[in-house]
Amino acid sequence: MSARRLIAIVGHMRTGATTMLLGVDVGGTFTDIVVAHPGGSVRAKVPSTPHDPTQGVLAAVDLVASLVGKDRGDLLGGLGRFGLGTTVVTNVLATNSGRRLGLITTKGFEDLVPLARGSRVSDRGWLVPPPSLVDRTRIVGVAERVDRDGEVITALDPAEAVLAAQRLVERERVDALVVSFLWSFRNQGHEHAARDAIAAAMPGVRVTCGSDLAPVIREFDRTQFALLNAYVDGSLDWLGALAAELRAAGLRTPLVLTHSGGGVTTVDAAREQPIGLAQSGPAAGGAASVGLAERRGAHGVVTCDLGGTSLDVGLISEGQLLRRTRGAIVGHWTSLSMVDVDSVGSGGGSIAWIDPVGAIRVGPKSAGAVPGPACYSRGGTAPTVTDALVVLGYIDAARFLDGRMPLNTEAALYSCALLGAPLGMSAVETAWGIREVALATMARAVRGRIAGRGLVAAEMCLLAYGGCGGLFAVDIAYDVGARETIVPELAPVFSAYGAATAPLRRERARSVAVRLPADAELRVVFAALRAAALADIIADGVAPNDVVVGLEADVRFERQGAEITIPVHEVDRSIAVSGLAEEFRAEYARRFGAGAMAMGVDAEAMTLRAIASERARDVVSLRRPAIAHGERERVTREVHLARDAAPVAVPVLMRASLGDGESFRGPALVDAGDTTVWVSPGHRAHVDDAGSLVVVKET
Amino acid sequence: MRSNDPILLEVMRSRLQAVVDEGAVAIERTAVSPIVAEGKDFSTNVLSATGDLLVGGGKVEYKWPGARNLVRATLARHGASIAPGDVFAANDPHNGGGNHPQDIEVCHPVHVDGTLVAWVAASAHVIDVGGMTFGSWAPDATECFQEALRFPPVRLFRAGEEQHDVWSLILNNVRLPQLVEMDVRGLVAGCNVAARKLATIVEQLGIDEFVATSTALCDATEEVLRDRVRRLAPGSYSLDGWVEWGDERYHLPCTLTVAAGELCFDYTGAPPQVPHFINSKHYIVEGQVVADVRAFIGQDLPFCEGLWGPIRVICPTGTIVDSVPPAPIGSAHLDVAMNCTALAVQCLQFALAATADDDLPRLYAGPSGQGALATHSWGYTTAAGTLDGMVVSESFQPGSSAAAGHDGSDLFANVVGSQHILDFVDIEILEAWYPLHVLEKRVADGSFGAGAQRSGAGCCMSYRVIEGRRLHGAMFGMRETLPIGGTAGGEPGAPTEFIIRRGDHQPQVLEAHATGVELAPGEIFEFRAGSGGGWGDPLDRLPERVRRDVAVGRLRVEDAAAVYGVVVDETDDGRLMVDVAATTVRRSATRAARLQAARRPDVVIGADVVAAAHELGQAIDHRPLYHGVVQCGRYALAEASGAVLAVAPMHWTSGCPVLEADRTSARGLAWRQRSYLDPISGRALYVEAVPVAAPRSFTTAPDQWAQA
């Protein structure tokens with residue numbers, strides 16, 4: 001975004017009010033920043049500084065400060081929120097650069113972690129186990145056993161655990177230890193005894209216990225959680241320095257961080273459990289989506305974050321961001337409450353190829369930023385989705401990124417021509433095919449997500465963000481039959497916007513694994529979880545009156561593989577658990593049909609959870625007046641809409657020139673400098689009062 | 001628009017995949033039995049109006065061909081009466097069913113504008129379908145009538161209307177009817193979801209375009225696979241197998257003929273059907289062979305009807321490979337069928353090893369370890385007095401064969417493929433569900449499957465029955481004596497073992513096929529699933545890898561020395577080190593000792609032949625004949641040493657010294673490990689596991705050799 005336009009936007013800001021919010025998203029390549037304010041917003045992008053992320057953050061802060069005509073101190077002093085999301089934790093996992101771990105576990109079960117629950121991944125036709133966080137040579141079993149009721153069957157000799165720890169530290173040179181035993185979520189005695197004995201014998205060695213971090217049933221998930229956390233331990237230590245620096249420079253509100261569950265948390269809490277930030281980026285985008293959906297009164301939303309390498313699809317139902325309690329983080333399966341986002345390898349940089357049966361395929365291989373699409377002229381030669389969009393005319397090659405990075409149309413054409421030649425197809429026809437195939441892949445992912453949750457597409461809005469989101473959103477929505485498409489004003493920096501606006505959130509969970517009804521036990525556990533989550537969030541600095549606590553239970557039919565999360569309400573300060581089984585049956589029938597349900601099978605509650613969150617903030621208005629209509633450029637772009645017909649002159653509108661409520665019909669392209677929205681023929685678009693472009697099918 | 005349009009082809013493939021994926025999601029989320037819900041033993045498929053497979057979903061590829069059988073049988077039985085809203089189910093392998101009666105197959109016709117345009121089908125392994133034993137695996141059954149309730153394609157729904165009579169008839173005859181009902185309803189839900197989506201797709205495309213494009217997809221697949229088959233060295237490749245039943249062994253020969261763009265697997269010579277549940281069916285054997293051929297030379301091809309084109313499987317009717325009623329068939333996809341497909345894979349590997357074409361995509365590996373499952377089931381009465389039971393899913397966790405450049409996979413049958421199959425059930429979930437207390441679950445230790453690349457290890461597990469419960473079980477393990485063979489000089493894998501430890505804790509070894517097994521409170525049951533074989537001579541394994549296997553407790557120091565020739569020492573501070581010098585000495589001594597102990601070759605190669613071969617060897621290029629063996633004109637040479645092994649057309653092993661070692665299984669049954677050695681270096685070129693009196697079990701005769 002050019003400085004000229006940024007300042008033009010800033011001109012409409014009423015600066016100085018205390019509701020100004022700042023969000024930063026520290027990615028692997030770029031650090032995005034946004035300052036949101038009732039009068040408008042400013043956004044910017046600076047290169048990330050992976051060796052010391054603080055530098056990149058401060059540079060971004062200084063840049064936006066200068067754009068609003070302030071210095072660092074003035075800007076920070078006026079902020080009501082400094083929120084930060086980061087992929088640093090994910091990068092540690094992706095680059096295998098975490099700690100060297102040792103695991104002490106129940107004797108007889110040492111092989112289970114490397115066996116990865118039988119999961120295998122395909123590597124050029126070979127099936128191999130996913131990478132293990134801890135090598136089998138660094139896993140030691142000790143004699144101990146607790147049974148399903150928490151009774152000790154074989155007592156632990158703490159000295160044996162100490163011996164194992166010494167062996168791991170001295171001989172295997174591990175620098176962090178995890179202790180994880182069977183059934184420890186029922187009885188923590190052995191894990192704590194081992195931890196304490198090791199700590200006493202070997203001060204300075206960091207030891208964590210599975211049951212402390214994730215007291216849930218399933219030893220593999222629980223152990224993996226402890227291993228993951230230990231593996232990325234220390235990767236957020238720079239946040240302490242950043243917080244101090246910001247405080248010294250005038251920030252009067254605590255630095256908060258977006259975590260995987262879709263809320264924000266404090267620096268101390270994040271450093272204690274860094275793995276909680278593994279899905280920080282998607283979670284921040286999800287949190288921002290929730291705010292926007294609420295403002296539009298949209299109850300069911302499918303979110304599509306379309307970037308360079310992947311499409312991340314999430315869901316909002318009944319105004320709630322859907323989360324999952326188990327899943328894979330960079331290929332490592334575990335239990336972690338996280339935003340339920342599925343990724344498919346189909347983005348702007350995805351490479352097109354021809355498979356053996358002669359069909360065009362797109363992805364999952366991506367050209368990334370380097371060498372990038374052919375049109376980037378950075379050495380990439382394979383045709384990507386971006387190249388196809390350039391060839392077809394959807395992207396204005398000359399004015400890409402506000403003209404700062406003109407694209408090479410010739411290179412894009414050549415790459416498509418080369419791919420299509422053996423199939424007897426022209427460059428344009430090939431490009432058309434690449435777009436169609438990419439669209440089919442994306443629509444399949446979106447359909448799959450909606451179906452997987454038993455939701456109805458026709459009742460849902462599709463909310464698109466990320467660099468390429470606007471170019472496919474309307475067509476995906478049409479394909480899956482969604483009600484409308486929303487492309488927010490801040491789509492290119494939506495995760496940073498989420499960091500600025502997401503509420504503070506704390507969560508406590510515990511497995512119970514009881515057959516329903518079990519009202520007394522559920523009430524006791526819920527009460528304890530509720531108290532703990534409340535204490536957590538108050539310790540984070542939220543006033544008790546501003547806290548909302550939600551309770552939920554993961555319920556399933558006995559022996560079923562997947563649980564359904566059922567909210568549990570509080571009526572007159574009493575936890576209403578007696579109707580849990582019935583509510584579960586109703587929800588089950590709603591999702592899968594009453595015909596899928598046999599009577600007489602008992603329901604069981606697996607895990608209970610309490611979530612304390614800040615009362616929702618006032619949604620920031622992004623309204624701003626339009627540039628007078630008379631100043632508008634009247635331009636068109638030639639776009640190949642049909643496979644074998646001549647290109648059509650499509651009107652091009654500048655995003656900045658569109659005022660609130662303004663409405664127009666497709667076909668149209670809306671350019672915003674760093675992103676473009678495609679409005680297909682047969683659709684009508686308008687700008688809503690949050691500045692979002694809303695597109696619906698014309699009836 | 002042409003029907004094989006590169007864009008439409010992929011858009012449609014992607015949409016069909018979405019259809020089966022959505023169906024699979026619906027089943028996964030609604031089914032309840034652990035085999036389906038946690039074990040993911042289910043599938044979904046889309047088929048053409050005539051029952052050609054278009055796409056498959058779910059984890060178990062071996063299940064997909066069953067859908068073809070079901071739809072074809074449904075069409076044959078119900079023909080013109082098939083109407084929109086009908087849902088059919090079958091479970092009888094003799095009459096339209098799937099892999100065995102426990103697999104309930106459901107199919108749903110898809111009509112557009114009143115025309116039948118396609119089918120969707122789904123299948124799952126349900127917990128019980130009646131018969132003599134819990135779980136319907138009845139080793140004692142001598143006829144299919146005793147094994148299970150069997151039904152041909154019948155309507156669960158007629159024009160959308162639930163057929164209560166049919167449901168009641170089925171559920172009245174099974175144990176745990178509630179679980180079975182929910183699983184079958186899960187299948188129906190999956191079919192409903194998939195059928196709805198598919199109808200929309202066909203409506204959008206138009207019927208003609210849908211048919212043309214789906215046909216083109218299958219045709220293009222067939223064409224590519226046929227082209228690959230044409231690249232294979234034509235000729236004849238054969239291997240003998242044996243199916244075990246107690247002390248009996250049924251000889252099972254397989255011959256692969258590669259000719260004219262076709263792979264023909266012929267099981268002629270298989271014995272007549274037997275009064276045990278191991279009998280199989282032609283479509284089951286064929287389906288597994290097709291899936292395995294794809295895994296080794298066509299993983300990049302869609303799993304559709306086109307794969308069947310270049311593959312022919314001959315199974316004579318009335319034999320164990322294609323039985324007819326009253327043959328019991330409770331294990332129709334396991335003992336015989338798994339043996340058939342393992343033989344087919346090994347024959348295909350012989351052909352690949354003799355193929356020089358570098359452009360042929362191929363994976364070199366031994367057969368699946370699925371032939372060495374330690375399957376067993378238990379039934380019991382719960383504290384509440386109701387009947388319950390389980391098939392122990394850990395018993396489906398054998399070790400895989402090794403592959404060129406890859407050790408085998410532990411507790412996982414396959415080393416090639418595109419997705420994993422069965423998720424493990426966590427120990428805590430297992431103990432929460434069943435009256436078992438697990439004492440250990442780990443990789444089996446031992447020197448089985450030794451090789452330059454070793455096999456994976458099967459699951460070694462033991463558990464105790466908790467107080468107050470009593471279990472009644474059936475064992476149906478495979479490979480209790482004769483293990484799966486190795487490749488390229490690798491050694492045979494591990495056998496399957498079942499052991500009970502009662503009050504005195506003395507091990508009592510069970511037969512692999514046993515029924516009426518009783519387990520009282522406090523008694524301990526132990527099993528070891530078997531494994532595939534190794535790859536390459538164990539004396540060629542990297543010593544560091546051997547050291548690591550010792551360090552993690554899967555190999556004893558003595559076995560490292562005896563089997564791998566690697567000398568591992570423990571240092572004063574407890575570290576394990578390879579003694580490099582001692583290892584070199586030990587390995588060459590072992591090779592020399594092998595030649596000393598070996599039987600002399602069948603044919604003595606004269607010095608004049610050696611001279612002629614070497615002279616020719618200088619002049620012309622070598623062609624591969626087997627791993628480590630090359631053909632040079634009429635001569636077969638050991639690649640590394642240059643030793644002359646044979647003169648065409650005699651088999652290439654004719655000049656190999658033969659080392660034989662007699663082994664006994666845990667139950668005391670004898671078998672023989674026979675190694676064909678390089679006469680100069682003593683390196684093992686091929687190692688087979690055979691009954692004591694059996695002759696050489698394999699023949700590799702590419703035309704280029706037979707006609708040289």
Side-chain angles (χ1 to χ4, degrees), chain A residues 107-112 115 117-122 125-129 136-137 147-148 153 167 171 182-183 217-221 354-361 423 425 432-433 436-437 440-441 444 447-448 451-452 513 557-562 591-593 595-601, chain B residues 4 6-7 9-11 13-15 18 21-22 25-26 28-30 32-34 37-38 178 181-182 185-186 189 193 217 220-221 224 299-302 363 406 409-412 414-420 422-424 426-429 431-433 437 439-443 551-552 574-575:
Chain A
K107 196 177 184 66
F109 302 91
E110 298 90 337
D111 293 326
L112 295 186
L115 289 170
R117 293 188 90 243
S119 168
R120 295 294 183 272
V121 291
S122 182
W126 302 103
L127 281 173
V128 297
R136 177 63 186 85
T137 53
D147 74 3
R148 73 201 71 195
I153 303 282
R167 194 192 122 181
R171 211 186 295 166
L182 285 175
W183 293 106
I217 190 167
R218 290 191 177 98
E219 67 278 359
F220 183 74
D221 293 6
I354 308 292
D355 78 3
V357 300
I360 293 188
R361 306 282 286 269
L423 304 171
M425 300 200 311
W432 190 86
E436 282 296 296
V437 167
T441 308
R444 175 178 151 197
R447 275 174 190 282
F557 285 117
E558 211 178 1
R559 295 184 186 173
Q560 215 167 15
R591 289 196 193 181
F592 308 117
M597 196 155 50
M599 291 299 135
V601 180
Chain B
N4 60 344
I7 301 164
L9 221 49
E10 173 55 15
V11 169
R13 197 198 58 80
S14 186
R15 288 195 176 153
D21 289 351
E22 279 187 43
V25 165
E28 193 175 340
R29 299 192 69 104
T30 52
V32 286
S33 75
E38 292 262 341
Q178 287 159 351
E181 181 183 348
M182 268 194 84
R185 286 190 184 279
V193 165
L217 184 72
T221 302
V224 176
Q299 271 190 48
D300 50 349
L301 300 179
L363 298 173
H406 291 257
S409 216
D410 296 328
L411 279 71
F412 193 85
N414 300 314
V415 70
V416 301
S418 51
Q419 60 177 351
H420 82 289
L422 301 173
D423 283 354
F424 291 4
D426 296 81
I427 302 294
E428 288 168 358
I429 296 288
E431 292 187 344
W433 284 347
H437 179 80
L439 300 172
E440 64 173 354
K441 179 185 179 182
R442 57 180 174 84
V443 300
V552 300
R575 283 170 216 269

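Just so we're on the same page: letters track the sequence lines, and every chain starts at 1.
- With B:Asp426 contributing its side chain and B:Glu428 its backbone, the two residues share no donor-acceptor pair below 3.5 Å.
- The residue among B:Val416, B:Asp410, B:Leu411, B:Val193 with the most heavy atom pairs within less than 4.5 Å of chain A is B:Val416.
- For B:Arg442, the parts lying under 4.5 angstrom from a heavy atom of chain A are both the backbone and the side chain.
- Ranking A:Gly108, A:Pro129, A:Gly358, A:Gly448 against chain B, the residue ahead of the rest is A:Gly108, based on heavy-atom pairs under 4.5 Å.
- Residue A:Ile354: no heavy atom, backbone or side chain, is found under 4.5 Å from chain B.
- Considering all non-hydrogen atoms of both residues, B:Gln299 and A:Gly125 come closest at NE2-O, 2.9 Å.
- For the atom pair CD1 of A:Ile153 and CZ of A:Arg148, the computed distance is 9.0 Å after rounding to the nearest 0.5 Å.
- Within the 4.5 angstrom heavy-atom criterion, only backbone atoms of B:Leu439 (N, CA, C, O) approach chain A.
- Put simply, of B:Gly417, B:Ala220, B:Ser409, the one with the most heavy-atom pairs under 4.5 Å next to chain A is B:Gly417.
- Counting heavy atoms from C-beta outward, B:Ile7 and A:Met425 have side chains that approach closer than 4.5 Å.
- Residue B:Asp21 touches chain A through its side chain alone, counting heavy-atom pairs closer than 4.5 Å.
- Among all heavy-atom pairs drawn from A:Leu182 and A:Phe109, the shortest one is CD1-CE1, 3.6 Å.
- Listed options B:Val224, B:Val11, B:Val552, B:Val415 were ranked by heavy-atom pairs under 4.5 angstrom with chain A; first place goes to B:Val415.
- Both the backbone and the side chain of B:Glu431 have a heavy atom closer than 4.5 Å to some heavy atom of chain A.
- Of the possible polar contacts, one joining the A:Glu219 side chain to the B:Ile427 backbone as a donor-acceptor pair under 3.5 Å is found.
- Nearest heavy atom pair, residue A:Val357 against residue B:Leu301, reads CG1-CD2, 4.1 Å.
- Using a 4.5 Å cut-off between heavy atoms, B:His437 touches chain A through backbone and side chain atoms alike.
- Of all the listed residues (B:Arg13, B:Arg15, B:Glu440, B:Glu10), the one sharing the greatest number of non-hydrogen pairs under 4.5 Å with chain A is B:Glu10.
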